[in-house]
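Structure first, commentary second.
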Amino acid sequence: MDIKADHDADAEARFRLFWDRAPDRVAAELIGTEFCVDGVGGIIVETEAYAADDPASHSFGGETRRNAAMFGPPGHVYVYRSYGLHWCLNFVCQRGSAVLLRALEPLHGFDRMSERRGLTEPRLFCSGPGRLALALGIDASHNGLSLQDPRFTLVPPVAYVPVIVGARIGISKATDKAWRFGLAGSPYLSKRFEQG
DNA sequence: AAAAAGATGGCCT
DNA sequence: GGCCATCTTTTTT
């Protein structure tokens, strides 16, 4: 019996079980998780879920060159260019779905983030999907990478996390879905949640 | 071939 | 709150 092989197989199975689920569940559970890219990052405080059969999702209408990563393995990264200017970072969940990272509370690599963002105010480092990607050095080269890649680190929260829920923002379709999740009371959100 | 539409952010009033 | 820089994908002519 090979103990290391068993351990590796278990880790692989857990990874798959976590990511191969509905994006709204994963998006909610990611709040409070620490995420870093090459040691730079912090606590995830805001996410949005985009489902496979969701008119607001890039995957709606099937696989294209841009959204190919969303149809690849769960637990991989989907990076896209927004408005021709910004990069946005997603984690792929069950086939055709993903979670958009919208805001982080900076924790590691302040100098690096400040340099990349051209600002010194930590509140503005990662409060928005484009800002977050820039602060963490995310670009097209990361598209399709597995979250098991050594450049990424994910550390789940160790205590209860108060999560607030609201309608997704910045979209024009399927605005009725309450698929935006945030850390209650966090000053690092990209925008306040509506009452409710 | 051309044009519109974005999962945005920064700076303006 | 409004404007607009900037460009890829998607839709329309």
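As a basis for the values below, the full set of heavy atoms in this structure was taken, side chains included, without hydrogen atoms, waters or symmetry mates. All values derive from a computational prediction rather than experimental measurement. In what follows, chains are A, B, ... by sequence order, proteins preceding strands, each numbered from 1.
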Over all atoms of both residues, closest heavy-atom pair of A:V161 and A:L183: CG1-CD1, 3.5 Å
Which residues in residues 170-190 of chain A have a heavy atom closer than 4.0 Å to any atom of DNA chain C? none
In whole angstrom, give the distance that lies between atom OH of A:Y80 and atom C1' of B:dA5. 13 Å
Check whether any side-chain heavy atom of A:F91 lies under 4.5 Å from a side-chain heavy atom of A:V26, and answer yes or no. no
Smallest separation among heavy atoms of A:V99 and A:C93, with atom names: CG2-SG, 3.7 Å
Less than 3.5 Å apart, which donor and acceptor atoms pair up between the side chains of residues 132-139 of chain A and the rest of the protein, not counting sequence neighbours?
{"from": "A:D139", "atom 1": "OD1", "to": "A:S141", "atom 2": "N", "distance (Å)": "2.8"}
{"from": "A:D139", "atom 1": "OD1", "to": "A:S141", "atom 2": "OG", "distance (Å)": "2.6"}

Scan residues 108-136 of chain A for pairs that pass side-chain hydrogen bond (donor to acceptor under 3.5 Å, both in side chains), counting only residues two or more places apart or in two chains. A:E34-A:H108
Ordered by number, residues from residues 47-57 of chain A within less than 4.0 Å of DNA chain C (heavy atoms) are none
Which atoms of nucleotides 3-8 of chain C (N or O only) lie under 3.5 Å from a protein N or O atom, and what are those distances?
{"from": "C:dT6", "atom 1": "O2", "to": "A:Y83", "atom 2": "O", "distance (Å)": "2.6"}

Rounded distance in Å - NZ (A:K191) to P (B:dA7): 15 Å
Write out a two-atom table: protein N or O, nucleotide N or O from nucleotides 11-13 of chain B, distance below 3.5 Å.
none

Taking every non-hydrogen atom, the tightest pair across A:I171 and A:Y50: CG2-OH, 3.6 Å
Can you tell whether the side chains of A:R14 and A:D10 come within less than 4.0 Å, N to carboxylate O? no
Acceptor/donor pairs from residues 54-77 of chain A side chains to any protein atom, 3.5 angstrom cut, sequence neighbours excluded:
{"from": "A:D54", "atom 1": "OD1", "to": "A:A56", "atom 2": "N", "distance (Å)": "3.0"}
{"from": "A:D54", "atom 1": "OD1", "to": "A:R168", "atom 2": "NH2", "distance (Å)": "3.2"}
{"from": "A:D54", "atom 1": "OD2", "to": "A:A51", "atom 2": "N", "distance (Å)": "3.2"}
{"from": "A:D54", "atom 1": "OD2", "to": "A:R168", "atom 2": "NH1", "distance (Å)": "2.6"}
{"from": "A:D54", "atom 1": "OD2", "to": "A:R168", "atom 2": "NH2", "distance (Å)": "3.4"}
{"from": "A:S57", "atom 1": "OG", "to": "A:A51", "atom 2": "O", "distance (Å)": "3.2"}
{"from": "A:S57", "atom 1": "OG", "to": "A:S59", "atom 2": "N", "distance (Å)": "3.1"}
{"from": "A:S57", "atom 1": "OG", "to": "A:S59", "atom 2": "OG", "distance (Å)": "2.7"}
{"from": "A:H58", "atom 1": "ND1", "to": "A:Y78", "atom 2": "OH", "distance (Å)": "2.8"}
{"from": "A:S59", "atom 1": "OG", "to": "A:G96", "atom 2": "O", "distance (Å)": "2.6"}
{"from": "A:T64", "atom 1": "OG1", "to": "A:N67", "atom 2": "N", "distance (Å)": "3.4"}
{"from": "A:T64", "atom 1": "OG1", "to": "A:N67", "atom 2": "OD1", "distance (Å)": "3.4"}
{"from": "A:T64", "atom 1": "OG1", "to": "A:N67", "atom 2": "ND2", "distance (Å)": "3.3"}
{"from": "A:N67", "atom 1": "OD1", "to": "A:T64", "atom 2": "N", "distance (Å)": "2.6"}
{"from": "A:N67", "atom 1": "ND2", "to": "A:H58", "atom 2": "O", "distance (Å)": "2.9"}
{"from": "A:N67", "atom 1": "ND2", "to": "A:G62", "atom 2": "O", "distance (Å)": "3.0"}
{"from": "A:H76", "atom 1": "ND1", "to": "A:G144", "atom 2": "O", "distance (Å)": "2.9"}

OP1 or OP2 of B:dG10 versus the side-chain N and O atoms of A:R131: is any pair under 4.0 Å? yes
A side-chain contact here means heavy atoms from C-beta on lying under 4.5 Å apart; do A:V45 and A:L189 qualify? yes
Derivation of the side-chain contact (heavy atoms from CB on, under 4.5 Å) call for A:F152 and A:L145: CA-CA 10 Å; A:F152 301 125; A:L145 286 183; 3.9 Å; yes
Are any non-hydrogen side-chain atoms of A:F110 and A:P122 less than 4.5 angstrom apart? yes
Per the side-chain hydrogen bond (donor to acceptor under 3.5 Å, both in side chains) rule, what does the pair list look like for residues 155-166 of chain A, sequence neighbours excluded? none
A:N90 near the nucleic acid: base, sugar-phosphate alone, or nothing, with a heavy-atom cut-off under 4.0 Å? base
Could you write out DNA chain B as a dot-bracket string, with dots for unpaired bases, | for bases paired across to another strand, and Watson-Crick or G-U pairs counted at under 3.5 Å? ||||||.|||||.
Atom-to-atom span, CH2 of A:W87 to P of B:dG9 - whole angstrom: 15 Å
Atom pair distance, as rounded to whole Å: CG in A:N67 and P in C:dT10: 7 Å
Result of checking A:V155, A:I43, A:L147, A:L30 against A:F35 for side chain to side chain contact (heavy atoms under 4.5 Å, CB included): A:L147
Please list every donor-acceptor pair under 3.5 Å in which a side-chain atom of residues 15-23 of chain A meets a protein atom from a residue at least two apart or in another chain.
{"from": "A:R16", "atom 1": "NE", "to": "A:D20", "atom 2": "OD2", "distance (Å)": "3.4"}
{"from": "A:R16", "atom 1": "NH2", "to": "A:D20", "atom 2": "OD2", "distance (Å)": "3.4"}
{"from": "A:R21", "atom 1": "NE", "to": "A:F18", "atom 2": "O", "distance (Å)": "2.8"}
{"from": "A:R21", "atom 1": "NH1", "to": "A:E29", "atom 2": "OE2", "distance (Å)": "3.0"}
{"from": "A:R21", "atom 1": "NH2", "to": "A:F18", "atom 2": "O", "distance (Å)": "3.3"}
{"from": "A:R21", "atom 1": "NH2", "to": "A:E29", "atom 2": "OE1", "distance (Å)": "2.9"}

Pairs meeting criterion side-chain hydrogen bond (donor to acceptor under 3.5 Å, both in side chains) with involvement of residues 81-107 of chain A, two or more places apart: A:E46-A:R102, A:R102-A:S190
Among residues 102-130 of chain A, which residues get a heavy atom nearer than 4.0 Å to DNA chain C? none
Kindly compute the distance separating SG (A:C36) from CG (A:L107), expressed to the nearest 0.5 Å. 7.0 Å
Taking the side chain as every heavy atom from C-beta outward, state whether A:E48 and A:W179 have any pair of such atoms under 4.5 Å apart. no
What interatomic distance, in whole Å, is found between P of C:dT6 and the corresponding atom of B:dA2? 22 Å
Does the side chain of A:T33 reach to within under 4.5 Å of the side chain of A:P157, using non-hydrogen atoms? yes
